[in-house]
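First comes the structure, then the notes that go with it.
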Amino acid sequence: MKGLVQDFQLTLPYMLRRAEQLYGYREIVTRRPDKSFHRYTYADFVVRAKKLAVALKKLGIKDGDRVGTLGWNTYQHLEAYFGVPTSGAVLHTLNPRLHEDDLSYITDHAGDRVMLVDETLVPVWQKFRDRVNVEHAIIVTENGDVPEGMLSYEELLADADESEFEYPEFDEDQAAALCYTSGTTGRPKGALYSHRSTVLHSMMVSLGNTFALSEADCVLPIVPMFHVNAWGMPYASVLVGAKLMMPGPHLDPASVIEDFEQEKVTFTAGVPTVFLAVLQALDKEQGKHDLSALRAMAIGGSAVPKGVIKAFDERHGLKVVHAWGMTEMSPIGSVANLPTPVREQSEDEQLDYRAKQGYPVPLVEIRARGDEGFVPWDGESMGELEVRGPWVASSYYEAPEGADKFTDDGWFKTGDIVTIDEYGFIKIMDRSKDLIKSGGEWISSVDLENALMAHPAVSQAAVIAIPHEKWDERPLAAIVLKEGESVTEDELRDHLAKDFAKFWLPDAYEFVESIPMTATGKFQKLKLREQFEGYTSAKG
Ligand code: ADP
């Protein structure tokens with residue numbers, strides 16, 4: 001027997017209509033390229049998103065067509081987040097920091113018919129436009145020049161008649177947005193989200209045990225809108241009617257801190273590198289800023305060192321919430337909010353949990369597979385994490401070669417090697433390809449890196465495997481020192497020896513100027529391994 005409830009499809013047109021009916025008064029603020037502020041309301045935003053949908057139809061864009069974007073976190077990008085999918089097309093955000101070979105590959109693979117290009121990113125677009133079959137480039141500028149042969153976003157909107165817009169009734173399984181992985185593990189692959197998965201993910205992001213977003217919040221997404229939908233924050237914020245502070249291209253610590261303070265930001269999220277820079281800036285200007293409105297900062301994308309969580313707590317009264325996710329998961333999978341038994345433990349013990357990647361959010365299920373089947377949730381046994389849920393990819397877009405990432409019973413293999421503890425807390429030990437296998441034992445590069453970065457002289461540390469005749473692989477640590485600091489190899493070894501078994505301690509420490517980073521702010525270990533190619537360890 002079926003339940004007697006209405007067949008209500010979960011779609012972005014619904015979310016836009018809700019914003020129109022309820023939150024017209026709420027503000028959306030954007031840092032323009034020249035650093036000045038653009039301000040308007042949800043009412044203005046909805047009108048322009050509708051006009052964009054009308055304009056795309058006039059250009060001949062049909063249901064399911066892909067519309068690419070090259071843009072920062074701006075109000076116009078938010079208009080595309082809603083205008084494109086409510087027109088029936090699929091929003092495809094591209095990461096402008098990628099190399100033009102990758103950008104042309106991704107644009108071609110997605111089959112983008114239109115590209116929305118932020119005025120500051122026209123040079124990026126010019127580098128690959130001749131290599132792709134995009135019919136229209138639309139330049140997003142308030143009053144700047146539009147190069148010949150390209151269209152003006154503002155003119156398109158001015159010519160579009162809002163009254164031609166009708167809220168469509170879609171099937172919730174229709175595709176809404178397409179994001180490519182950054183290719184740290186081979187060719188970029190497309191994760192294709194549906195309207196339903198986007199609405200459900202937005203609800204989950206807003207839950208108290210996730211990021212607790214509400215109408216009372218002012219949200220500043222530091223994570224770019226071209227990186228997994230800015231972790232779903234733009235959609236979630238519009239669902240709940242939160243004020244949005246869009247930082248535009250200005251992600252330097254001084255601008256971000258000014259935005260926090262001036263707009264009374266309550267919630268923000270981004271990768272550790274940005275927050276490390278924010279921490280250093282705040283340390284230098286101790287007591288100068290009033291950030292009392294900021295209730296939480298979600299950090300993820302790579303591991304947050306314990307020392308960073310503690311430093312924000314103790315020196316600035318700011319709360320870090322560690323989160324884990326993947327492009328293939330829309331992206332949120334787990335958040336390190338503490339369960340009651342852990343909240344009753346000492347501060348230090350709590351910190352250990354906050355430095356883990358957290359437990360699965362509602363509707364995400366996890367399990368970890370070791371050599372001999374699924375591992376127990378004992379916080380010690382390591383295995384590859386597998387996940388499933390309503391916003392987890394079921395396959396890659398037009399990419400049969402990614403099929404091995406899915407199990408026969410339909411779970412997604414994350415490639416992350418983890419332990420899971422009694423509370424379901426995940427601890428990421430490594431990505432499978434970065435684990436160091438020494439004498440048949442696994443060494444976690446992430447654990448060593450976090451411990452090294454907790455040393456007061458160390459700014460960044462990345463650990464990779466180097467070959468060893470007897471042990472197969474041994475760890476090498478590449479270290480970037482903080483400005484004006486120094487430390488010896490022996491001091492670093494002693495620092496690690498306090499917490500790690502002897503066989504975990506790196507055989508070599510190399511002091512470097514910088515560590516190669518990916519376009520999404522993670523250590524590029526592939527490059528680092530190339531840098532140290534031929535380096536072997538002969539230590540006993
Ligand atoms: P890509 O897979 O192209 O690097 P993603 O943004 O999808 O891009 O990266 C997902 C991966 O990032 C995860 O599989 C995991 O290895 C890593 N990651 C994400 N969040 C965290 C975190 N909080 N701690 C450690 N690693 C993380």
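Whatever order the structure lists ligands and atoms in, that order sets their numbers, starting from 1. Any value given below was found using the heavy atoms of this structure, including those in side chains, with hydrogens, waters and symmetry copies removed.
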Would you check, one step at a time, whether the test ring pair (Phe, Tyr, Trp, His ring centres under 6.0 Å) holds for Tyr423 with Tyr359?
CA-CA 7 Å; Tyr423 299 117; Tyr359 69 96; 8.8 Å; no
Pair Phe267, Arg295 - check side chain to side chain contact (heavy atoms under 4.5 Å, CB included), show working.
CA-CA 6 Å; Phe267 183 84; Arg295 64 173 173 81; 4.0 Å; yes
Please walk me through it: do Tyr180 and His109 pass side-chain hydrogen bond (donor to acceptor under 3.5 Å, both in side chains)?
CA-CA 10 Å; Tyr180 280 73; His109 189 269; 2.8 Å; yes
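Across Ala191, Ala303, Ala323, heavy-atom proximity to atom 23 (N) of ligand 1 is greatest for Ala323. Considering Gly301, Ala355, Pro331, Ser432 only, the shortest heavy-atom separation from atom 27 (C) of ligand 1 involves Gly301.
For Tyr75 and Tyr81, the ring centers are positioned 6.0 Å apart or more.
Residue His227 has at least one heavy-atom neighbour below 4.0 Å for each of these atoms of ligand 1: 6 (O). In the vicinity of Gly325, heavy-atom distances shorter than 4.0 Å reach the ligand 1 atoms 10 (C), 13 (C), 19 (C), 20 (N). Numbered from 1 in the order shown, with element, the atoms of ligand 1 that lie under 4.0 Å from a heavy atom of Gln357 read 22 (C), 23 (N), 24 (N), 25 (C). Using a 4.0 Å cut-off to heavy atoms of His322, the atoms of ligand 1 that qualify are 22 (C), 23 (N), 24 (N).
Salt bridge Asp112/Arg66: absent, no basic N to carboxylate O contact under 4.0 Å. A salt bridge does not link Arg97 with Asp102: every distance from a Lys NZ or Arg NE/NH1/NH2 to an Asp or Glu carboxylate oxygen is 4.0 Å or more.
Residue contacts with ligand 1: Arg431 is placed with a nitrogen or oxygen under 3.5 Å of a nitrogen or oxygen of the ligand (distance criterion only). Polar contact with ligand 1: absent for Trp324 (N/O pair, distance under 3.5 Å). Considering backbone and side-chain atoms alike, Asp416 places an N or O below 3.5 Å from some N or O of ligand 1.
Ligand 1 lies out of reach of Met329, whose nearest heavy atom is not under 4.0 Å from it. Residue contact annotation: Ser302 has a non-hydrogen atom under 4.0 Å from ligand 1.
Under 4.0 angstrom from ligand 1, the non-hydrogen atoms of Met326 come from both its backbone and its side chain.
Using a 4.5 Å cut-off on side-chain heavy atoms (C-beta onward), Thr69 and His92 make no contact.
In terms of the ring-ring contact (aromatic ring centres under 6.0 Å, His included) criterion, residue partners of Phe532 (sequence neighbours excluded) are, by chain and number, Tyr535.
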